[in-house]
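Here is the naming used below: chain letters follow the sequence lines, and residue numbers restart at 1 for every chain. Both backbone and side-chain heavy atoms feed into the values below; hydrogens, waters and symmetry mates do not. Note that the coordinates shown come from a computational prediction; the quantities given were computed from them, not determined experimentally.
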Protein chains: 2
Amino acid sequence: MAQAIRLHQVSPLKASCHQCSLSNLCLPLAIEENDLDRLEDIVQQGKIYNRGEHIFDQSTPVRSCFAVKSGSIKTSIITEGGEEQVTGFFMPGELVGLDSMSSENYACTAKALERTSVCEFPVDRLEELTGKLPELQHHMYHLMSQEIQNSHQLAMLLSKNTAEERIAALLLSLSSRFRRRRMSATNFSLPMARNDIANFLGLAVETVSRVFTRFQNQGIIRARGREVELLDVEALQMVTRDFARQGQ
Amino acid sequence: MAQAIRLHQVSPLKASCHQCSLSNLCLPLAIEENDLDRLEDIVQQGKIYNRGEHIFDQSTPVRSCFAVKSGSIKTSIITEGGEEQVTGFFMPGELVGLDSMSSENYACTAKALERTSVCEFPVDRLEELTGKLPELQHHMYHLMSQEIQNSHQLAMLLSKNTAEERIAALLLSLSSRFRRRRMSATNFSLPMARNDIANFLGLAVETVSRVFTRFQNQGIIRARGREVELLDVEALQMVTRDFARQGQ
DNA sequence: CAGTCACCTTGATTTAAATCAAGTATAGCA
DNA sequence: TGCTATACTTGATTTAAATCAAGGTGACTG
């Protein structure tokens, strides 16, 4: 019994990556069964944030990166002038903070869009571990590359595409991400406000609203507030003329 | 003499990171003197590309990432439809291909903007080495984070800033990068065409041209073709209302 | 249960930059 | 040395989306 207590004290928040249903999307993906313990040793699990709470902001010294366990997170850069640029939305299994590895302070601000729980990976310990587990290191490089690619895709969307194309692309991206999480790909609830969508896509809120109603009138989607149903995915794919994103 | 020949045969292209003037910008930055040999072992140096030649494109299987040794490179994503989005310009000491680590094919196309020489780092050997040299691994994470941050900054520029602000920001970015390379920060020759600038910044060529002449009329810059002189850096900084980029 | 606030929608007007349309330099090449 | 192509500039017109302005909707709160 003394031991049970001790165990509880030593690792009250130790994660169970073994049982996590997201392990096939998250860091454990790359790891052998028997190395998983070593990852679990460094993870702190289960911290919960309410809607609107900050996980970190640009004045926070970097300590960890975070995997979304449930809920969702938006990241944004906030300038001196108080202007915001939303840089990403993160769903369960996705890693937040890769842009801040080995920076002094976080390069962005992360905010829970709803009640959200996260797993925390201290970057120094993560670096140590990736030095020992080549598979894990490889996976980190992969995730970071991916993040760069995503951001380039966003830049492309912003500089070359119309409001309709941008919104269609976002809806499709969300759709496929829901699908990978074994949730409906055609029937979901947007975790973010129209405002965040607008900001992310470099549009005015009014424009986002108008495009939503236009899509609705064309029978492509059905939207009531944040509840969205994709009625005609093919049509959406036609709208995004950039077919590279189609299978994303 | 036999030995001299042998040496020559074994490593005809082996880099001398030891003597490279760019080592303080490039990968060797992070490494102990005595570990530098191990980096040199995996580097292939001195491949030269002429203006307009491809280093790789989106159909090339990923083998290496590349450090610019002299000259400059532009990277872009080219879509099925043949549309191009320039994603970056790379100067000596900068690493190209970080968006493609652990992808099947390169995520972008890299093209020499002028006669350019590069050092080549095979990614598999680089990964091996970063597994052994924690400092080097840390530096890789740093560079990749940086790349994500840059791309987010670009997204921000594209979605929030006017044509003038974007161009001012680009000129300032180039300026500080020239300075870090101990070249004039106020008097340089643009490695890229107006077209590339336009594409990168999500503008039409005509707009770029007009902004250049406007800046010139305001006495902020002097531009003749690709030759640019920054006459009033402060004014340029005022134009980019995003003061975060100021000290970049 | 009314009141407030945040979020979303819709319409009218304005605007920055794209597009269209000529030119004019510049550089590479025969 | 001139020729052609490419790069760049300038002006006139159009346009997609921003801004301005006003309501509507829904959710939480005292």
Side-chain angles (χ1 to χ4, degrees), chain A residues 50-53 74 83-86 111-115 157-171 189-218 221-228 239-241, chain B residues 50-53 74 83-86 111-115 157-171 189-218 221-228 239-241:
Chain A
N50 286 315
R51 180 172 207 270
E53 282 181 355
K74 88 166 177 194
E83 265 187 315
E84 180 180 18
Q85 167 69 45
V86 175
K111 201 174 185 180
L113 287 169
E114 55 197 309
R115 195 171 166 80
L157 211 59
L158 292 173
S159 87
K160 298 275 181 301
N161 294 82
T162 65
E164 297 204 347
E165 289 163 345
R166 295 182 210 185
I167 289 170
L170 177 63
L171 288 174
S189 159
L190 298 170
M192 73 293 278
R194 296 280 187 280
N195 225 322
D196 294 325
I197 295 178
N199 187 304
F200 181 62
L201 296 176
L203 298 170
V205 209
E206 294 95 326
T207 304
V208 173
S209 199
R210 276 186 256 270
V211 171
F212 266 79
T213 39
R214 219 176 300 156
F215 281 167
Q216 179 140 331
N217 293 338
Q218 295 171 323
I221 68 171
R222 211 183 54 75
R224 205 168 244 329
R226 295 195 180 185
E227 292 304 319
V228 173
V239 172
T240 70
R241 61 178 165 217
Chain B
N50 286 315
R51 182 171 207 268
E53 281 181 356
K74 88 166 176 194
E83 266 186 316
E84 180 181 19
Q85 166 70 46
V86 175
K111 201 176 186 180
L113 287 169
E114 55 197 307
R115 197 173 165 79
L157 210 60
L158 291 173
S159 88
K160 298 276 181 303
N161 294 83
T162 65
E164 298 204 347
E165 289 162 345
R166 295 181 210 185
I167 289 170
L170 177 62
L171 289 174
S189 158
L190 298 170
M192 74 294 279
R194 295 280 187 282
N195 225 321
D196 294 325
I197 294 177
N199 188 304
F200 180 63
L201 296 177
L203 299 169
V205 209
E206 294 93 325
T207 305
V208 174
S209 200
R210 276 186 256 270
V211 171
F212 267 79
T213 38
R214 219 175 300 156
F215 282 168
Q216 179 141 332
N217 294 338
Q218 295 170 323
I221 67 170
R222 212 182 52 75
R224 204 169 245 328
R226 294 195 181 184
E227 294 303 318
V228 173
V239 172
T240 71
R241 61 178 165 217

Using rotation axes that map the C1' atoms of four end pairs onto the next four (five pairs an end), what angle separates the end axes of the helix from C:dC1-D:dG30 to C:dA30-D:dT1, to 10°? 40°
How close or far is atom C1' of D:dT6 from atom CZ of B:R226, stated in whole angstroms? 10 Å
Side-chain contact check for B:T207: nearest option of D:dA12, D:dC20, C:dA17 is C:dA17
Could you tell me whether B:K111 and B:E84 make a salt bridge, using a distance below 4.0 angstrom between a side-chain N and a carboxylate O? no
Side-chain atoms of B:R194 come closest, of D:dT9, D:dA17, C:dT10, to D:dT9
Please pick, from C:dA17, C:dA21, C:dC8, the nucleotide with the shortest atom-to-atom distance to any side-chain atom of B:A163. C:dA17
Starting the side chain at C-beta, find the nucleotide from D:dG11, C:dA17, D:dA17 nearest to A:T162. D:dA17
A:R214 with A:E164: basic N within carboxylate O range, under 4.0 Å: yes
Return the residues of residues 196-204 of chain B meeting this criterion: a heavy atom under 4.0 Å from some atom of DNA chain C. Order them by number, or give none. B:G202, B:L203, B:A204
Between C:dA17, C:dC8, D:dC8, which nucleotide gets closest to the side-chain atoms of A:S209? C:dC8
Of the options B:V208, B:T240, B:V239, which is the one that meets B:I167 in a side-chain contact (heavy atoms from CB on, under 4.5 Å)? B:V208
Find out whether A:R222 and A:V228 are in side-chain contact, i.e. whether some heavy atom of one side chain is under 4.5 Å from a heavy atom of the other. no
Is the backbone of A:N50 close enough, under 3.5 Å, to the side chain of A:E53 for a donor and an acceptor to pair up by distance? yes
Any side-chain heavy atom of A:R194 sitting closer than 4.5 Å to one from A:F212? yes
